[in-house]
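So that the names make sense, note that chain A is the first sequence line, chain B the second, and so on, each numbered from 1. Note that these values count all heavy atoms, side chains included, but never hydrogens, waters or copies made by symmetry.
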Amino acid sequence: MSIDTTADVAADPKDESEIRSGVLLSGNEAVARGAVEAGVLVAAGYPGTPSTEILESIADRDDIDVRWSPNEKVALDVALGASLGGVRALVTMKHVGLNVASDTFMTTAYTGVGAGLVIVTADDPGMHSSQNEQDSRAFARMAGVPLLEPADSSEARDFTALAFAISEEFDTPVLIRTTTRVSHNRGLVDLGPRTEHPVTGFTSNPTKYVMIPGFARQRRPEMLKRLELLSDYVEASPLTVESGGNTGIGVVTSGIAHHYVREVLPDTRILKLGMSYPIPTERIRSFAESVDRLFVVEELDPHLEHDLMAAGITVEGKAFFPQVGELSPDAVRRGFVAAGILPPVPTVEPAPPTVTRPPLMCPGCPHTPPFLALRRLGAVVTGDIGCYTLAALEPLSSMDTCVAMGSSIGMAVGMAASGGAGGPVVATIGDSTFLHGGIQGLIDAVYSQADITVLILDNGTVAMTGGQEHPGTGITLQGAETTPVDLVALCAALGVRDVKVIDPYDLAATFSALEGATTSPGPSVVITNRPCVEAPTKVRDRPYEVLAEACTACQACMTAGCPSIVWSDETFEGRRKVVIDPVTCTGCTLCAQICPPLAIIPIPDPVPEVPEHV
Amino acid sequence: MSNKSRGLLLAGVGGQGVILAGMIVADALVRAGHDVKQSEVHGMAQRGGSVFSHIRWGSSVDSPLVPLGSADVLAAFEWAEALRWVEYVREGGAVVADLRRIVPPGACTDRRSWSTLYPGIDTDLLSSRTLKSRLVDASSTAAELGNIRAANSVILGSVAAFMDIEHNHWEAAIEHLVPRGTEEVNLAAFRAGCDVAEASVQRRPPDPVGFPGPHQIDIRHDWCKGCDICSRVCPEYCLEVDIDGALAIVDAESCTGCRLCEMLCPDFAIAISPPRDTASLKEPVSLTGEQL
């Protein structure tokens, strides 16, 4: 690779006049860059780690319609509609987002596309920020859709651009699977020019696009025929790359695992699959015949291994390499040691024990007070996906379930129906999650007149993924003002008679509102109204401090779990007093409201100046 | 060859600017003509958690992750994080560590031991390994320059001593990536870091551990009307009023003796007393080296 050392490495990737080599981009930025160069005109998605930055990195382009949809299924519907309208369309999501979009996804394999349609799903092996570590490759097989797996930023750009061409050549959506270590790894990318693909227009074709049974029956054989053509394509495709010398073993691999294999076995023969569904079976067969032992190294499930076994190729894989969690150079090395290929790893002196840093809700988080109240009320809390799942941990310890986007409300309905909850049933759900998948659950609560309370934690953003816009914020991803969804009016329109809006920073009002809601019959909704303190705007008020001489070390403030409050070295009757970090304190007043001896007060003038972030 | 790639690990606590520092190093390496990969994890790990960035460079880099025991340099922005990642450093590698101590709030929860289990500041924990260590007090150096948040650049300056990158590449990367208006203070901090004095280590023992045993909760049930004040105020959730209005002790083991319930009870129905079994009254003890 040629590297231009004089280049401005963080050049704006939207400026295609800057066609340069050796630009440092994350995998997500590189996917977006590939789509830009392929002439994409519509890009839709729903935020989800590790996929979020794909759309964000091209949001400021005025030549592309880049948008957040309320959920991944709508995003795919939008992209499919755009594709049928004759423009190249991109849709992005995290792995569990593809579950939501799967209804449309399965049938797009029947309808095929108009202009190119590329779906990017970012898997999270190791569950750095996810509720499961499902392997999206299974979806490609289930739908009959080709799957590309880039291994780094450079391939992320190349494969995305190529995916649009494959999509159009074979009249199929194309799935691209990245993983956390591809999406969130920066590497060098060569930038090319944007190729314009003007709108070709929609051509009505009911037998292709109206999937009533009679037409769908005609399309399924088309899908299977297409897979055969794709199998022929991949046999000769440059997406399959062979490297390495003449060692007795061979390794078939794909994605980031390829780099780990090369790291630990730099001279070994490797067949790297860029397209891992369908696979180049005959090419792998001849590769297998040329080696003494064949291994498959793949992250998560044994997809390739099973494909090769089904083709009658003798292969070793998950016997040595873990099916759980992320692979790493160390995990791959251990696997080859276990297989007798590498000598035992010299032991590394383990790190000395140190403190753990469990994730916490931020200082001033408006989610904290309602959970403090719910714990005191002895509520059974069905939770949802968002920052507030951290309320399951000490010291709030007030969430009992968290399964999937929007599940909280339906689960609360069922928990109440069981009659076995043992306390008032409360569903807690964020504003974006409610709009994503919670509304139908609330409809059921009204329909069945369930004795539940739905607490909508409306902080006006998708906080967990870094503060994205959503349909309730009144702002689009590209910064345009739009009509926000009115949550109060929506709940009332669904038929909820008891809807209250509360200020979560008023602990007493929060407590009594939740106490009232949980004791009233039928469904009730409580909506909090304070914005996230971190995004999109940092909310900071005068910080608070602890009067050490007044602190009785009772620990009442510590029940809120605010990260700004830690133990000091002073004690009272053997208990540790507390101090507040004035730099991170947002001045939310919660601890001051809790403190029985009134030892927590606003810092008097002059407030120490907090330096600008560097 | 790919396995000749070198590795740097940056580690710190969410909010310290580890990711930006990683971008600066990667940028400087690209300017110096290397193939570079930089990897980090976003999301949950950033919420007050341990944050790290792997950087690998060479003529052609494969794994973006630094394998265990192979990092050439570990740059830790905080003492406990230096200890957490030290096993990634190869024999003969270098550790640059800020002596800053950030006690995690999540560790201030054990009200039996009253210990955060924060490790002691003891350079023997690093120097027993065959590596070069350089301990700095980056925050003080940055504060002297007028902006404590430029501490990252002080550390990068100290890291530069162990990496083969020309200074003009470092400075170009810093100027390019730090927020507008802070270029000068960061460049000054970087230069200060290049020849910062080894910090004099103030040894600090680990947090003491001691458990005097739970206090005794006595309830005069004939005086209690079940108003619920005590149970709602107890920081340890020791008390509960049942559906019939009767007060019950649901967790006798966790009472720390704060006496909030006793002080707030309008009916004088609760009394808290120190542990009756004086044998369980122990002086706080320090952790031994093994317990570290």
*Measure the OG-CG distance between B:Ser39 and A:Asp152 for me, rounded to the nearest 0.5 Å.*
12.0 Å
_Whether the side chain of A:Asp330 engages the backbone of B:Leu68 through a donor-acceptor N/O pair (distance < 3.5 Å, no angle test) should be reported._
yes
*asked:* Quick one, A:Val355 and B:Val103 - any side-chain contact, counting heavy atoms below 4.5 Å?
replied: no
*B:Arg111 to A:Thr559 - nearest heavy-atom pair and separation*: NH2-N, 4.1 Å
*asked:* Please give me the minimum heavy-atom distance between A:Leu372 and B:Tyr237, naming the atom from each residue.
replied: CD1-OH, 4.3 Å
_Would you compute the distance between atom OG of A:Ser328 and atom CG of B:Leu65 and round it to the nearest 0.5 angstrom?_
7.0 Å
*At a heavy-atom separation under 4.5 Å, does A:Cys557 approach chain B through its side chain, its backbone, both, or neither?*
neither
*Look at atom CD of A:Glu394 and say whether more than 12 heavy atoms of other residues, nucleotides or ligands are closer to it than 6.0 Å.*
yes
*Under 4.5 Å from a heavy atom of chain A, the part of B:Thr256 involved*: both
_Contacting moiety of A:Pro563, where chain B heavy atoms sit under 4.5 Å_ = both
*Count the heavy atoms belonging to other residues, nucleotides or ligands that lie under 6.0 Å from CD of A:Glu573, then report whether that count exceeds 12.*
yes
*So which part of B:Ile55 gets closer than 4.5 Å to some heavy atom of chain A, the side chain, the backbone, both or neither?*
neither
*Residue selection (most heavy-atom pairs with chain A, distance under 4.5 Å) from B:Ser53, B:Ala107, B:Ala80*: B:Ala80
_Rounded distance [0.5 Å steps], CG in A:Leu24 versus CZ in B:Arg31_ = 10.5 Å
*asked:* When you compare the side chain of B:Cys108 with that of A:Met558, does any pair of heavy atoms fall below 4.5 Å?
replied: yes
*Please state whether the side chain, the backbone, both or neither of B:Arg259 comes within less than 4.5 Å of a heavy atom of chain A.*
side chain
*With only heavy atoms counted, which part of A:Asp581 is less than 4.5 Å from chain B, the side chain, the backbone, both or neither?*
neither
*asked:* Restricting to non-hydrogen atoms, name the atom on A:Gly22 and the atom on B:Val30 that form the minimum distance, rounded to 0.1 Å.
replied: O-CG1, 4.2 Å
_Once rounded to the nearest 0.5 Å, what's the spacing between atom NE2 of B:His54 and atom CZ of A:Arg181?_
6.0 Å
*asked:* Shorter than 4.5 Å, heavy atoms on both sides: which option in B:Leu264, B:Val86, B:Ile102 has the most such pairs with chain A?
replied: B:Ile102
*asked:* Do B:Arg84 and A:Thr354 pair up side chain to side chain, a donor and an acceptor below 3.5 Å, judged on atom types alone?
replied: no
*Interchain contact, B:Glu78 with chain A, by part (heavy-atom threshold 4.5 Å)*: side chain
*Mind checking whether A:Arg186 and B:Glu40 have side chains closer than 4.5 Å, heavy atoms only?*
yes
*asked:* Which residues pass the side chain to side chain contact (heavy atoms under 4.5 Å, CB included) test with A:Leu393, not counting sequence neighbours?
replied: A:Leu390
_Heavy-atom contact with chain B under 4.5 Å, split by part of A:Ile594_ = neither
*Which bit of B:Glu236 is near chain A, if near means a heavy-atom gap under 4.5 Å: side chain, backbone, both or neither?*
side chain
*Is it the backbone or the side chain of A:Phe572 that comes under 4.5 Å from a heavy atom of chain B, or both, or neither?*
neither
*Is the backbone of B:Ser231 close enough, under 3.5 Å, to the side chain of A:Arg376 for a donor and an acceptor to pair up by distance?*
yes
*Identify which of A:Ser130, A:Gly187, A:Cys554 forms the greatest number of heavy-atom pairs closer than 4.5 Å to chain B.*
A:Cys554
_Non-hydrogen side-chain atoms of B:Met263 and A:Thr552 separated by less than 4.5 Å_ = no
*Is there side-chain contact between B:Pro64 and A:Ile256, with heavy atoms separated by less than 4.5 Å?*
yes
_Validation row: B:Arg56, A:Glu263 side chains within 4.5 angstrom (heavy atoms)_ = yes
*More than 12 heavy atoms of other groups within 6.0 Å of A:Gln131 CD*: yes
*If only atom types and distance count, is the side chain of A:Gln555 paired as donor or acceptor with the main-chain N or O of B:Pro235 below 3.5 Å?*
no
*What are the two closest heavy atoms between B:Pro105 and A:Cys562, and how far apart are they?*
CB-O, 4.2 Å
*Rounded distance [0.5 Å steps], OG in B:Ser5 versus NE2 in A:His259*: 11.0 Å
